[in-house]
Amino acid sequence: MGIIINLEKKIKENWRKGISLGQEKSLLSLSNIPEFTLEVPKDKKNGDYATNIAMLLSKIEKKNPRELAIILVELYKEVDDTNNIEKIEIAGPGFINMYLSDKYLGEIVSEVLIQKNDYGHNKLLSDEKINLEFVSANPTGLLHMGNARGAAIGDTLANVLKVLGAEVTKEYYINDAGNQIENFGKSLDVRFREALGEKDIEFPENGYHGADILETVKGYIKKNGDGLIRVSEEERVAELIKYSLSEKLDHIKTYLGKFGLVYDVWYRESTIHNSGAIKETMDTLEAKGLLYENEGAVWLKTTSMGEDKDEVMIRNNGLPTYFAADIAYHKNKYDRGFNKLINIWGADHHGHVARMKRAMEAIGYSAEGLEVILMQLVRLYKNGEVLRMSKRTGTYVTLEELLDEVGKDAARYFFVMRNPDSHLDFDMDLAKSESADNPVYYIQYAYARISSILRNLDKPVEEFLDGKEPMYTLVIEKDLALKIGELEKVLIDAGIRREPYRIATYALELATLFHQFYSSCRVLNEEEEVKKNRLKLIVATKYTLENILGILGVSAPERM
RNA sequence: GUGCUAGUAGCUCAGCUGGAUAGAGCAACGGACUUCUAAUCCGUAGGUCGGGGGUUCGAAUCCCUUCUGGCACACCA
């Protein structure tokens, strides 16, 4: 594992060794080696790697950084035993630029050909048992664009974390209890009676206006008849809720499935309510003296934990709040053995984050183990106007419609492409009319082109992939090989920072380099040695693309 | 009002936790298919990194201040 990672570690280590040697030889006077950077310069002219170490040391050594750099480079050359660095230059204010050897780039490609579809995998996070909860949309309606964004980000993140060796459980929290369900039930009841001809029924104030629930009750009547009209309202509402939630959940599962997403656990909020978990949590808080009663409700002293105000746990009607249930739910996750809880929430929940962390501390669980990725909401444009998405008013574009119009691959890529922090403007008209401009096709096209070359070979490709190390001489070949080598670094970055968009960006960069290579280099009909070398390069590219597209949940078509 | 978050090319966004001349993609303009797929490639143009201070060899990046969006501040979830 870790071609580039190991190289970078080695280079940094060698600089430290060199400095130590300088200390021994009394060329340098410092006692501690400062934290220096090893970075990939933006401009290729400045080498494959650059370090700022001479500039950092110049302060300590009280010497001109360029003079110091000369000494450091000599020391480095003395300790370097790898042969991976071909040339070292001193530039600008005192940067030390390093150039990788051609031989090394060939090694990268050979390594990928050995690891194949495991290339990029490692064991970095093998100690982590992660519960990743996302989407968790209320089952009172259909999935909308915001949910779709969460689905794409969450699933991709789960895939990356698994590649890094973590054990990941994808979880969907079903809000099947509480006030909103009551409202939902009342709305269903009204629609049910209306469907059977009753007129002028008052619609509940916070009811659900979506047209879909009308369909639901009609479906119920078709299937089960109108017998419910004759039972008590309570019984009728309960039955309608049960029927409806089950129908909605099936629908949600179906469409998430079509989106390429399969959950490991579907966890019901009602389980938390019915299992005594909330009471247990309240007892813990009570024992710590963090609860008090006021105006008939039970409050949590969140002010003593640094929050602005206290929060209600148990309402004066005796029912627990969402917050109370959520504390119990997160406690439950820890109790199930997870050491990391990652939630993906809409940005409108950000006020909830700090409170939850404090609450975890209060019941004696880790606040640090709870991470929340906040996602800005999706703003939807249609006919040049912003559509306000709301379940209650029933104006939203569903995941179903999205899949029909742009397809799974484009939709998934589009949602993952951007940092969750930024608002996502989704123009439906653009998505429909210009879906071919979507970057995902660009990436897939690179894959299809490679497949096409391999199809045109006269012999099986394996016969060209001997163990001999390839050597690349053209800039574009080297760039492509180096980019392939970056994969593992990108995956680690994306996983550790919980930023899956980095993978989407990388995929695009890799595809760009491939297309450039494709238009300036031929593979078939080249002299035998060149042909072999290039075949190795494109097969390594193919594996890399397959791996990334797999993580993104985007298909890799052989033909387009 | 308080808190969170953002402000970079006409548009949508990167910028790797302080580095060298701030980068892509769309859109605009000009080129490239008798050769492995033109869903591609090459080139041109486009910038006071919201404004103002500060920290230092060096700032889009860190600190302060200010302006402008978005969101949150329920006995809703």
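Lettering of chains follows the sequences in order, A, B, ..., and the numbering in each one begins at 1. The figures that follow rest on heavy atoms only: side chains count, while hydrogens, waters and symmetry mates do not.
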Once you round it to whole Å, what is the distance between C1' of B:A14 and CG of A:Asp493? 14 Å
Length of the OH-C1' vector between A:Tyr441 and B:C41, whole Å: 21 Å
Nearest-Å distance for atom pair CG/P, residues A:Asn316 and B:C76: 9 Å
Hey, is A:Phe95 doing a stacking thing with B:G19, by the 5.5 Å centroid and 30° angle criteria? no
Quick one: does A:Tyr413's side chain have a donor or acceptor within less than 3.5 Å of a partner on A:Ala504's backbone? yes
Please figure out whether A:Asp308 or A:Glu311 has its closest RNA chain B nucleotide nearer the 5' end. A:Asp308
RNA chain B nearest-nucleotide lookup for A:Pro93 and A:Val523: closer to the 5′ end is A:Pro93
Of the listed B:U5, B:C36, B:A77, the closest approach to the A:Asn456 side chain comes from B:C36
side-chain contact (heavy atoms from CB on, under 4.5 Å), paired with A:Tyr49, selected from A:Leu7, A:Ile96, A:Ile88: A:Leu7
Closer than 3.5 angstrom, by distance alone: can the side chain of A:Ser270 be matched with the main-chain N or O of A:Ala177 as a donor-acceptor pair? no
Within this structure, what is the CD1-to-P distance between A:Ile453 and B:A38, rounded to whole angstrom? 10 Å
Between B:U40, B:G19, B:C75, spot the one nearest the side chain of A:Glu295, thanks. B:C75
Are the side chains of A:Met98 and A:Asp48 in contact, using a 4.5 Å heavy-atom criterion? no
For atom CD1 of A:Ile181 and atom P of B:C76, their distance in whole Å: 15 Å
May I have the distance from A:Glu8 (atom CD) to B:C16 (atom P), rounded to whole angstrom? 15 Å
Roughly how many Å is it from CH2 in A:Trp345 to C1' in B:A77, rounded to a whole number? 11 Å
